[in-house]
Amino acid sequence: NLVGALLLTFALQWITSSDLVVVPDLDNWPTWYSTVFVVQCFSSVGYLLFSLWFAMHCSITAQALGTRMRLNFTRLSLPDNRAISKLKVPFYVPGGALEKVQK
């Protein structure tokens with residue numbers, strides 16, 4: 001994303017700078033060269049703009065997918081009655097470890 005933003009900034013500065021207009025040999029350039037140059041500059045701005053937009057969209061989508069996968073991996077399922085009855089343990093067992101500790 002950073003490289004695309006930097007390239008887009010460079011392309012926009014290149015188009016809007018006055019260095020190309022004040023070139024002393026500008027009148028000697030063929031007209032087709034100027035046309036190709038301008039078309040190439042604007043198409044590069046369009047390409048870089050779409051590239052940056054798609055990169056941001058992809059980054060946000062990947063982050064959302066990663067968050068969803070982490071939540072599904074760590075989310076506990078709701079137990080049913082059978083699973084709850086398996087978890088029930090007696091609080092006091094006569095002759096168990098608690099009586100041995102108290103003696």
Checklist entry - Other than Leu65, what residues sit in its cluster of Ile, Leu, Val, Met, Phe, Trp and Tyr side chains whose heavy atoms are under 4.5 Å apart, directly or through others? => result Met69
Item to check | All side-chain contact (heavy atoms from CB on, under 4.5 Å) counterparts of Asn81, not counting sequence neighbours | outcome: none
Can you give each donor-acceptor pair under 3.5 Å made by side-chain atoms of residues 44-58, sequence neighbours left out, with the distance rounded to 0.1 Å?
| unit_1 | atom_1 | unit_2 | atom_2 | d |
| --- | --- | --- | --- | --- |
| Ser44 | OG | Gln40 | O | 3.4 |
| Ser44 | OG | Cys41 | O | 2.6 |

Checklist outcome for this item: Those residues at least two apart in sequence (or on a different chain) that pass side-chain contact (heavy atoms from CB on, under 4.5 Å) with Ala62 are none
